[in-house]
Amino acid sequence: KLKDRCQDHICRNFEKVSNSADFCSLSADHLSEIISHDGLDIKEETTVWEAVVRWVEHYKEERWHHLPSILPHVRFHLMTSDDTVAILEYPLVREDPGSSQVIRTVVQTGTSD
């Protein structure tokens with residue numbers, strides 16, 4: 001299916017795709033679908049976090065409220081504790097108690113459930 005081939009291409013080239021202008025035009029649902037894909041080819045999970053930040057900050061006023069639903073798809077439990085602490089201190093997260101709680105839950109349990 002064409003959609004599956006496109007998804008595979010995005011996952012194999014996530015770093016390049018996430019830095020493109022078109023990446024910021026994705027819907028919240030499509031972004032979540034991409035970053036939660038098991039085939040995502042990245043060296044570090046912080047790459048996913050940085051892409052989410054770029055996406056949110058592109059239209060911050062309209063998108064920041066999506067963070068609590070997007071963050072469970074970031075694999076925080078695969079990051080170093082230093083990375084996690086830095087993310088919890090990030091203004092976008094600090095300003096939203098729901099986002100910081102999602103991150104803490106994922107880090108503590110290793111899952112978003």
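Atoms OG and CZ, from Ser18 and Phe23 in turn, are 5.5 Å apart once rounded to the nearest 0.5 Å. Residue Asn13 holds its CG atom at 10.5 Å from CG of Asp8, rounded to the nearest 0.5 Å. One finds the CD1 atom of Ile42 at 5.5 Å from the OG1 atom of Thr47 (value rounded to the nearest 0.5 Å). If you take CZ on Arg12 and NE2 on His37, they are separated by 10.0 Å, rounding to the nearest 0.5 Å. Distance check: His73 NE2 to Ser36 OG gives 5.5 Å after rounding to the nearest 0.5 Å.
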key: Phe14 vs Leu40, side-chain contact (heavy atoms from CB on, under 4.5 Å): CA-CA, chis, key distance, verdict   = CA-CA 7 Å; Phe14 182 76; Leu40 203 60; 3.6 Å; yes
task = Would you check, one step at a time, whether the test side-chain contact (heavy atoms from CB on, under 4.5 Å) holds for His66 with Val56?
result = CA-CA 8 Å; His66 288 290; Val56 170; 6.0 Å; no
task = Could you give me the CA-CA distance, side-chain angles and deciding distance for His30 and Gln7, then say whether side-chain contact (heavy atoms from CB on, under 4.5 Å) is met?
result = CA-CA 10 Å; His30 198 185; Gln7 181 89 350; 3.9 Å; yes
key: Steps toward salt bridge (Lys or Arg N to Asp or Glu O under 4.0 Å) verdict (Glu33, Lys3)   = CA-CA 12 Å; Glu33 183 181 342; Lys3 182 183 179 211; 3.4 Å; yes
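A donor-acceptor contact closer than 3.5 angstrom is absent between the side chains of Thr46 and Glu50. If you check the side chains of Asp29 and Ser32, you find no donor sitting under 3.5 Å from an acceptor.
Here the side chains of Val48 and Arg75 are not in contact, with every heavy-atom distance at 4.5 Å or above. Side-chain contact check for Leu88 versus Arg104: some heavy-atom pair is nearer than 4.5 Å. Residues Leu67 and Val102 fail the side-chain proximity criterion, which asks for heavy atoms closer than 4.5 Å. You'll find the side chain of Asn19 reaches within 4.5 Å of the side chain of Arg54, heavy atoms only. For the pair Ser100 and Arg94, the minimum side-chain heavy-atom distance is 4.5 Å or more. Counting heavy atoms from C-beta on, the side chains of Trp49 and Val93 come closer than 4.5 Å.
A donor-acceptor contact shorter than 3.5 Å is absent between the side chain of Arg63 and the backbone of Glu57. A distance-only check finds no donor-acceptor pair linking the side chain of Asp83 to the backbone of Met79 [under 3.5 Å]. Counting only distance, with no hydrogens or angles, the side chain of Ser20 and the backbone of Lys16 share no donor-acceptor pair below 3.5 Å.
In the hydrophobic clustering of this structure, Leu71 does not group with Leu78; members are Ile, Leu, Val, Met, Phe, Trp, Tyr whose side-chain heavy atoms approach within less than 4.5 Å, directly or through other members. Clustering ILVMFWY residues whenever any of their side-chain heavy atoms sit less than 4.5 angstrom apart, transitively, puts Tyr59 in a cluster other than the one holding Trp64. Residue Leu92 is not grouped with residue Val85 when hydrophobic side chains (ILVMFWY) are merged at heavy-atom distances under 4.5 angstrom, including chains of intermediate members.
Tested against Val17, the residues Leu26, Ile34, Asp22, Ile10 include a single side-chain contact (heavy atoms from CB on, under 4.5 Å) partner, Ile10.
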